[in-house]
Asker: 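First, the structure itself, so that you have it in front of you.
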There are 2 protein chains.
Amino acid sequence: MESDELFEAISHPMRIEILRVLARRPTRFADLKRKLKIDSSGLLDFHLRKMQYILTTNGEGLYTLNERGIAALQAVETVSHMGWQRRAYCINVFVYVAMNAYFAFFIVPNSELLGLYLIVLALTTSWIVFYSYWSFVKRKIHLRKPE
Amino acid sequence: MESDELFEAISHPMRIEILRVLARRPTRFADLKRKLKIDSSGLLDFHLRKMQYILTTNGEGLYTLNERGIAALQAVETVSHMGWQRRAYCINVFVYVAMNAYFAFFIVPNSELLGLYLIVLALTTSWIVFYSYWSFVKRKIHLRKPE
DNA sequence: CCACTTAGTCAATGAGTGTTGACTTGAGCA
DNA sequence: TGCTCAAGTCAACACTCATTGACTAAGTGG
């Protein structure tokens with residue numbers, strides 16, 4: 001996928017707005033114009049033309065996102081949820097500790113499911129190690145303050 | 001986070017190349033020039049200037065990605081791994097079916113862990129329902145052929 | 001039929017983009 | 001001291017972008 005064309009299509013605030021509106025529902029030209037409070041048809045036409053790599057016109061006049069448009073939307077979401085990654089990491093660690101503690105104290109003593117517990121332990125541990133490696137060593141973002 | 005500035009910074013093939021190089025390791029001006037086979041210093045300077053929202057110059061001449069740069073990298077990855085989403089969905093459904101079948105046939109009959117199984121069933125089912133809703137109803141991408 | 005909405009197209013314009021190639025400034029070294 | 005490389009800066013230029021406002025052509029309601 002030729003990323004630059006896709007990013008070009010969403011490198012303007014108005015185009016990101018259009019993307020968000022179209023993500024909710026397919027919309028007609030005039031409705032877009034009203035929702036985004038654009039006076040000029042020419043301007044909206046210009047931006048829709050720049051987004052044509054991302055859009056299709058669905059039957060009669062309805063603009064809608066194509067597969068690349070959905071990728072673009074996901075890229076926007078990825079970027080705007082950036083601040084949650086540190087918190088997500090903490091939640092992951094907490095769930096790991098809680099889950100394994102629960103298994104170790106309540107499940108293992110009074111049953112023969114030690115094998116199952118070991119599988120769970122191995123899976124969750126490799127997950128948390130991989131995730132920690134990715135977060136700390138490779139990216140070093142979770143301990144730094146945002147600038 | 002002001003997404004458009006970030007996407008602006010990666011809406012050119014050369015800048016995506018620079019992003020990928022800097023994701024691997026912090027790099028100096030001349031090394032970037034060599035790696036990307038750019039003859040003109042002015043051109044590289046121009047693109048680095050356009051990417052300044054995403055970069056920091058680490059001590060002596062080393063260009064490196066800042067937190068926004070890492071967000072940009074993730075956006076690029078999101079877009080270029082788009083093709084895997086359909087497969088990921090199938091894997092998810094398979095894991096759901098296999099896991100619940102395993103629990104239902106092997107765990108439940110010969111132990112008192114019915115409660116645990118019901119929790120697992122509830123969690124995995126709500127996960128698969130939510131994921132399916134998101135994928136099929138809201139996005140409609142997993143059954144369509146890519147264009 | 002007239003007014004009005006919808007969905008555009010088109011030309012003009014100033015600001016910004018991508019690229020080139022010449023120039024600068026400072027460090028390293030022979 | 002002069003030479004070379006690294007890391008830029010700068011001016012110039014063609015081209016593209018964002019925006020405006022005028023225009024068009026098709027459909028709709030009264």
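Proteins get letters first, then strands, A, B, ... in listed order; numbering begins at 1 in each.
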Asker: Testing Tyr96(A), Trp127(A), Tyr89(A) for side-chain hydrogen bond (donor to acceptor under 3.5 Å, both in side chains) with Ser132(A), which one passes?
Answerer: Tyr89(A)
Asker: For a quick test of reading the model, state the closest non-hydrogen atom pair linking Asn66(A) to Ile54(A) and the distance between them.
Answerer: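 Reported closest heavy-atom pair: OD1-O, 2.7 Å.
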Asker: Reading DNA chain C from 5' to 3', where do the contacts with chain A start and stop? Cut-off is 4.0 Å to heavy atoms.
Answerer: dT6(C) to dC10(C)
Asker: How many angstroms lie between atom CG of Leu22(A) and atom NZ of Lys35(A), to the nearest 0.5 angstrom?
Answerer: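 Here the interatomic distance stands at 9.0 Å.
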Asker: Between Thr56(B) and Tyr63(B), do the side chains contain an N or O donor and an N or O acceptor separated by less than 3.5 Å?
Answerer: no
Asker: If you measure from NZ on Lys33(A) to CG on Leu43(A), what distance do you get to the nearest 0.5 Å?
Answerer: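 Here the interatomic distance stands at 10.5 Å.
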Asker: Assigning hydrophobic clusters by single linkage (Ile, Leu, Val, Met, Phe, Trp, Tyr; side-chain heavy-atom cutoff under 4.5 Å), is Tyr102(A) placed with Phe94(A)?
Answerer: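 No, Tyr102(A) and Phe94(A) fall in different hydrophobic clusters.
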Asker: Once ring-ring contact (aromatic ring centres under 6.0 Å, His included) is applied, what residue pairs with a partner in residues 10-40 of chain B remain, sequence neighbours excluded?
Answerer: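 ring-ring contact (aromatic ring centres under 6.0 Å, His included) check on residues 10-40 of chain B returns His12(B)-His47(B).
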Asker: Quick check on contacts: within residues 10-18 of chain A, what sits under 4.0 Å from DNA chain C by heavy-atom distance?
Answerer: none
Asker: List in numerical order all residues of residues 36-44 of chain A for which some heavy atom is under 4.0 Å away from an atom belonging to DNA chain C.
Answerer: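 Those residues are Ser41(A), Gly42(A).
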Asker: Base, sugar-phosphate alone, or nothing: which one does Lys50(A) contact when heavy atoms must sit under 4.0 Å apart?
Answerer: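 If one applies the 4.0 Å heavy-atom cut-off, Lys50(A) turns out to touch the sugar-phosphate alone, with no base involved.
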Asker: Search all heavy atoms of Arg68(B) against all heavy atoms of Tyr53(B) and return the closest pair with its distance.
Answerer: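 Where Arg68(B) meets Tyr53(B) most closely, the heavy atoms are NE-O, 2.7 Å.
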Asker: Establish whether Ile119(A) and Ile128(A) are linked, either directly or via other cluster members, by ILVMFWY side-chain heavy-atom contacts under 4.5 Å.
Answerer: no
Asker: Distance under 4.0 Å to a non-hydrogen atom of chain B counts as contact; along DNA chain D, which nucleotides mark the start and end?
Answerer: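 Using the under 4.0 Å cut-off, the span is dA6(D) to dC10(D).
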Asker: Heavy-atom distance under 4.5 Å between the side chains of Asp4(A) and Ile10(B), does that happen here?
Answerer: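 Sidechains of Ile10(B) and Asp4(A): no contact.
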Asker: Which other residues belong to the hydrophobic cluster containing Ile91(B), where Ile, Leu, Val, Met, Phe, Trp and Tyr are joined when side-chain heavy atoms lie under 4.5 Å apart, directly or via other members?
Answerer: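 Reading the cluster by chain and number, Ile91(B) sits alongside Val95(B).
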Asker: Let me know, please, whether Arg34(A) or Glu8(B) comes out on the 5' side of the other along DNA chain C by nearest nucleotide.
Answerer: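 Here Arg34(A) is the residue nearer the 5' end.
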Asker: Under a single-linkage definition using a 4.5 Å side-chain heavy-atom cutoff for Ile, Leu, Val, Met, Phe, Trp and Tyr, are Phe46(A) and Leu44(A) assigned to the same hydrophobic cluster?
Answerer: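 Different clusters: Phe46(A) never reaches Leu44(A) through Ile, Leu, Val, Met, Phe, Trp or Tyr contacts under 4.5 Å.
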Asker: Does Thr27(A) use its side chain to pair, donor to acceptor, with the backbone of Arg25(A) at less than 3.5 Å?
Answerer: yes
